[in-house]
There are 2 protein chains.
Amino acid sequence: MLLRIDPSSAEPLFEQIGGQVRALVARGELPVGTRLPSARDLAESLDVNLHTVLRAYQELRADGVIELRRGRGAVVASAPDHGPLHEAISALVATTRRLDIPPATAVALLKEALR
Amino acid sequence: MLLRIDPSSAEPLFEQIGGQVRALVARGELPVGTRLPSARDLAESLDVNLHTVLRAYQELRADGVIELRRGRGAVVASAPDHGPLHEAISALVATTRRLDIPPATAVALLKEALR
DNA sequence: CTACTTGTTAGCACGCAACTAGAACAAGTT
DNA sequence: AACTTGTTCTAGTTGCGTGCTAACAAGTAG
């Protein structure tokens, strides 16, 4: 699985991992039923601690993105209809760029609107 | 100014402050030229340290949201055309709710799309 | 039944970022 | 001249993120 982690980023590692998996699933690149790497494998390949990956996985499970079972590993549980989702995201990004809005502002607006 | 801070949140205080100001400005609730509370006043009213507010202000200035001058304080420098922005945000939020997508997933998608 | 895989839980340690506190300074306003 | 307000500096505390080790539980594979 292609995950790129930036150890020097201000964003926590477990959040980077979780965020990228969320994006992959929402984009349809990881269909329902797909098996994710085991926490130990992913931890090793990312050169990160087991707990860090596990924390990301737990968060993903809490939101129903994946299912976790001992012996079996992590499996994609549900994927949204990414068609309209991708459109809405693209439209927002386009507006953000056209109006030259700082990314942090766009994210802040979305966070508040979702609250 | 109506800012509500949650000291127990995982999101840093300076980020909460900055994010809320960004949202207020982008929504047009703080027109260009509006004077923000002085860092000391805001710090006191939020029961937070001066430096914490200052850090939020610095970040806002770095993105051109506000201007800072000694003696005068913080002034809203630029506000985007919030019409189309609000529409794009609303559309995304509507899609998110309709498809029952976790807020964290929507935010993760936006972050990646803006990168 | 046995061996292996994998998530679950627990305890401990370390470093860094966030936050706080106090103080002095610089530039602008009144 | 007095006051306001951002800027800078130093220093301390705290909590979170991360790492390390280890044992355990539940499922899978042979």
Side-chain angles (χ1 to χ4, degrees), chain A residues 1 3-22 30 33-77 104 108 111, chain B residues 1 3-21 25 30 33-77 104 108 111:
Chain A
M1 194 168 53
L3 290 190
R4 278 170 305 134
I5 297 305
D6 178 13
S8 70
S9 167
E11 187 179 25
L13 298 179
F14 77 90
E15 216 172 302
Q16 292 183 44
I17 296 170
Q20 291 189 32
V21 173
R22 283 175 193 277
L30 292 178
T34 306
R35 193 174 180 280
L36 298 183
S38 77
R40 285 179 174 87
D41 285 354
L42 187 54
E44 189 181 9
S45 78
L46 293 179
D47 197 31
V48 154
N49 192 271
L50 164 66
H51 296 305
T52 304
V53 175
L54 242 9
R55 181 165 175 183
Y57 276 9
Q58 298 287 351
E59 201 182 65
L60 291 171
R61 178 176 64 176
D63 278 354
V65 177
I66 63 176
E67 277 182 4
L68 295 176
R69 294 209 186 157
R70 314 188 224 210
R72 191 188 314 178
V75 177
V76 176
K111 278 186 183 173
Chain B
M1 193 169 54
L3 290 190
R4 279 168 306 134
I5 298 305
D6 178 14
S8 70
S9 167
E11 189 178 23
L13 297 178
F14 76 90
E15 215 171 302
Q16 292 182 44
I17 296 170
Q20 290 188 33
V21 173
V25 172
L30 292 178
T34 306
R35 193 175 178 279
L36 298 183
S38 78
R40 284 177 233 269
D41 285 355
L42 186 54
E44 189 181 10
S45 77
L46 294 180
D47 196 31
V48 155
N49 193 273
L50 165 66
H51 297 303
T52 303
V53 175
L54 242 10
R55 179 163 177 185
Y57 277 8
Q58 298 287 351
E59 202 181 65
L60 291 172
R61 178 176 63 176
D63 278 354
V65 177
I66 63 176
E67 277 182 4
L68 294 176
R69 294 210 185 155
R70 313 187 224 212
R72 192 190 313 179
V75 177
V76 176
K111 279 186 182 172

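Reminder, nothing fancy here: chain letters follow the sequence lines and each chain counts from 1.
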Should the heavy atoms of other residues, nucleotides or ligands under 6.0 Å from [atom1] of [X] be counted, would the total exceed 12?
X: B:Arg35; atom1: CZ; answer: yes
X: A:Glu11; atom1: CD; answer: yes
X: A:Asp6; atom1: CG; answer: yes

Separation of [X] atom [atom1] from [N] atom [atom2], in whole Å?
X: B:Glu44; N: C:dC19; atom1: CD; atom2: P; value: 19 Å
X: B:Leu42; N: D:dT4; atom1: CG; atom2: P; value: 17 Å
X: B:Ile5; N: C:dT20; atom1: CD1; atom2: P; value: 11 Å
X: A:Leu46; N: D:dG19; atom1: CG; atom2: C1'; value: 15 Å
X: B:Leu50; N: D:dC9; atom1: CG; atom2: P; value: 15 Å
X: B:Glu15; N: D:dC16; atom1: CD; atom2: P; value: 16 Å
X: B:Tyr57; N: D:dT7; atom1: OH; atom2: P; value: 11 Å
X: A:Glu11; N: D:dC16; atom1: CD; atom2: C1'; value: 15 Å

Base D:dG17 paired with A:Arg55 side chain (donor-acceptor, <3.5 Å):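 Per atom types, no contact qualifies.
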Go through [options] for me and flag the one nearest to the [X] side chain.
X: B:Arg40; options: D:dG17, C:dA21, D:dG6; answer: D:dG6
X: B:Phe14; options: D:dT5, C:dA18, C:dT20; answer: C:dA18
X: B:Arg35; options: D:dG6, D:dT5, C:dG11; answer: D:dT5
X: A:Leu13; options: D:dC20, D:dG19, C:dG7; answer: D:dG19

task: Evaluate the criterion side-chain contact (heavy atoms from CB on, under 4.5 Å) for residue pair B:Leu30 and B:Leu36; output intermediate values, then yes/no.
output: CA-CA 9 Å; B:Leu30 292 178; B:Leu36 298 183; 3.8 Å; yes
Specify the closest pair of heavy atoms between [X] and [Y], including all atoms of both residues, with the distance to one decimal.
X: A:Pro7; Y: A:Leu13; value: CA-CD2, 4.0 Å
X: A:Tyr57; Y: A:Ile66; value: O-CD1, 3.6 Å
X: A:Gly64; Y: A:Ala77; value: O-CB, 3.6 Å

- request: Could you tell me whether the side chains of A:Arg61 and A:Gln58 share a donor-acceptor contact shorter than 3.5 Å?
  value: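 Per modelled atom types, A:Arg61 and A:Gln58 side chains form a pair under 3.5 Å.
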- request: Using atom types as modelled and distance alone, determine if a side-chain donor or acceptor of A:Asn49 lies under 3.5 Å from a backbone N or O of A:His51.
  value: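 A pair under 3.5 Å: yes.
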Members of residues 58-72 of chain A that approach DNA chain C, where some heavy atom sits under 4.0 Å away: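 The answer is A:Gln58, A:Arg61, A:Leu68, A:Arg69, A:Arg70, A:Gly71.
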- prompt: At what angle, to 10 degrees, do the two end axes of the helix from C:dC1-D:dG30 to C:dT30-D:dA1 meet, given five pairs define each axis?
  reply: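 Comparing the first five pairs with the last five, the axes sit 40° apart.
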query: Quick one: on DNA chain C, does A:Gly73 or A:His51 contact a more 5' nucleotide (nearest heavy atom)?
result: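 Residue closer to the 5' terminus by nearest nucleotide: A:Gly73.
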field: Whichever of A:Ala10 and A:Leu54 has its nearest DNA chain C nucleotide further upstream toward 5'
entry: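 Residue closer to the 5' terminus by nearest nucleotide: A:Leu54.
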query: Just one of B:Ile17, B:Val48, B:Val53 clears the side chain to side chain contact (heavy atoms under 4.5 Å, CB included) bar with B:Leu3, so which one?
result: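 Result for side chain to side chain contact (heavy atoms under 4.5 Å, CB included) with B:Leu3: B:Ile17.
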message: Side-chain N or O of A:Thr52 versus OP1/OP2 of D:dG17: is the shortest distance under 4.0 Å?
response: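 For D:dG17, neither OP1 nor OP2 has a side-chain N or O of A:Thr52 closer than 4.0 Å.
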